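To start, the structure under review is shown below, and the notes come after it.
Numbers here are sequence positions counted from 1. All values below come from the heavy atoms of this structure, side chains included, with hydrogens, waters and symmetry mates left out. This is a predicted model, so every value here is computed, not measured.
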Amino acid sequence: QVQLVESGGGLVQAGGSLRLSCAASVRTLSTYAMGWFRQAPGKEREFVAAISRGWEPTDYASPVKGRFTISRDNAKNTVFLQMNSLKPEDTAVYYCAAAPRLSRLRAAYDYWGPGTQVTVSS
């Protein structure tokens, strides 16, 4: 069983930055690919970014490519999402998740955190 906890969300103005963290309860986080998803009110949960068990490859959804960066520190069992040039449409609850391999599909992820709220004001 893998427990994930996100942190780093908050309120930021458009154009600002936030760094989300996802801490895992296991020492073997390196055996999982990790993903970030988000869900805005009234919308489906959508893929944001993913990283393989090592540092490469990574994958990004088109709306965030070039603005967001996913990374991981396996020694600290933590995954990060650096979000720059934030836009109001980035407002959502952000979730991290763990999967056996890199994927954009929600169904591929076995473990999920409770989420952290990101609000971007215009």
Side-chain angles (χ1 to χ4, degrees):
Q1 187 77 6
V2 178
Q3 292 184 326
L4 304 171
V5 179
E6 304 92 341
S7 62
L11 174 64
V12 63
Q13 288 189 330
S17 299
L18 282 175
R19 189 192 196 203
L20 304 184
S21 298
C22 173
S25 62
V26 294
R27 296 183 180 180
T28 56
L29 189 64
S30 59
T31 63
Y32 294 92
M34 298 297 295
W36 286 96
F37 290 75
R38 67 186 182 186
Q39 188 167 17
K43 294 188 176 181
E44 295 283 324
R45 191 172 300 189
E46 64 178 5
F47 169 76
V48 175
I51 188 168
S52 66
R53 289 175 286 182
W55 275 79
E56 294 289 339
T58 56
D59 188 20
Y60 295 92
S62 296
V64 308
K65 201 166 188 177
R67 300 188 297 123
F68 291 11
T69 302
I70 188 171
S71 62
R72 65 191 299 161
D73 185 339
N74 288 336
K76 295 183 178 180
N77 299 311
T78 305
V79 179
F80 305 97
L81 185 68
Q82 178 67 43
M83 306 186 295
N84 298 330
S85 302
L86 283 161
K87 304 175 181 180
E89 50 263 44
D90 294 318
T91 295
V93 177
Y94 282 71
Y95 300 88
C96 71
R101 60 190 62 82
L102 192 70
S103 177
R104 292 188 168 207
L105 302 177
R106 287 180 296 172
Y109 289 80
D110 299 318
Y111 303 103
W112 292 82
T116 185
Q117 176 71 47
V118 171
T119 303
V120 184
S121 63
S122 56

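- Judged by distance alone, the side chain of Arg72 and the main-chain N or O of Ala33 form no donor-acceptor pair under 3.5 Å.
- Contact check for Lys43 versus Arg38: no side-chain heavy atoms found under the 4.5 Å cut-off.
- Met34 and Phe37 fall into different hydrophobic clusters, where Ile, Leu, Val, Met, Phe, Trp and Tyr are joined by side-chain heavy atoms under 4.5 Å apart, directly or via other members.
- The number of heavy-atom neighbours closer than 6.0 Å to CD of Gln3, taken from other residues, nucleotides and ligands shown, is 12 or below.
- Summarising the geometry of Ser17 relative to Ser85, their closest heavy-atom pair is OG-N, 4.3 Å, with the distance given to 0.1 Å.
- Contact of the Lys76 side chain with the Leu29 side chain is not registered, since no non-hydrogen atoms from C-beta on lie closer than 4.5 Å.
- Of all heavy-atom pairs spanning Arg53 and Thr31, the tightest one is CD-O, 3.1 Å.
- Counting only heavy atoms from C-beta outward, the side chains of Ser21 and Thr78 approach each other to under 4.5 Å.
- Of the possible polar contacts, none joining the Asn74 side chain to the Asn77 backbone as a donor-acceptor pair under 3.5 Å is found.
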(request) Run the numbers on Phe68 and Trp36 for ring pair (Phe, Tyr, Trp, His ring centres under 6.0 Å), then give the verdict. (result) CA-CA 11 Å; Phe68 291 11; Trp36 286 96; 9.9 Å; no
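- Annotation for Ala14 and Ser122: closest pair CB-CA, 4.4 Å, computed over non-hydrogen atoms.
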(request) List the steps, then state whether side chain to side chain contact (heavy atoms under 4.5 Å, CB included) holds for Tyr111 with Gln1. (result) CA-CA 8 Å; Tyr111 303 103; Gln1 187 77 6; 3.8 Å; yes
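- Between Ala50 and Leu102 the shortest heavy-atom distance is CB-CD1, 3.4 Å.
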(request) Give the C-alpha distance, both sets of side-chain angles, the deciding distance and a yes or no for side chain to side chain contact (heavy atoms under 4.5 Å, CB included) between Gln117 and Thr91. (result) CA-CA 8 Å; Gln117 176 71 47; Thr91 295; 4.0 Å; yes
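- Inter-residue side-chain proximity for Pro63 and Glu89 is flagged as unmet; no heavy-atom pair is nearer than 4.5 Å.
- Here the side chains of Thr116 and Leu20 are in contact, with some heavy-atom distance below 4.5 Å.
- When all heavy atoms of Asp59 and Phe47 are compared, the pair lying nearest together is O-CZ, 3.6 Å.
- Counting only heavy atoms from C-beta outward, the side chains of Val48 and Tyr95 never approach each other to under 4.5 Å.
- Separation of atoms CG (Leu4) and OG (Ser25) is listed at 7.0 Å; rounding is to 0.5 Å.
- Arg67 contributes atom CZ, which lies 12.0 Å from atom CD of Gln82 (distance to the nearest 0.5 angstrom).
- Rounding to the nearest 0.5 Å places CD of Glu6 at 5.5 Å from SG of Cys22.
- Looking at heavy atoms from C-beta onward, Val79 lies in side-chain contact with Ile70 at the 4.5 angstrom threshold.
- Thr119 pairs in a side-chain contact (heavy atoms from CB on, under 4.5 Å) with only one of the listed residues (Val93, Leu86, Val12, Leu11), which is Leu11.
- In this structure, Tyr32 and Val2 approach most closely via the heavy-atom pair OH-CG2, 3.5 Å.
- Geometric assessment of Arg19 against the ring of Phe80 yields a positive cation-pi assignment under the 6.0 Å and 45° thresholds.
- One finds a salt bridge joining Arg106 and Glu44 here, because a Lys/Arg side-chain nitrogen approaches an Asp/Glu carboxylate oxygen to under 4.0 Å.
- Under the 4.5 Å side-chain criterion, counting only non-hydrogen atoms from C-beta, Ser103 is in contact with Tyr109.
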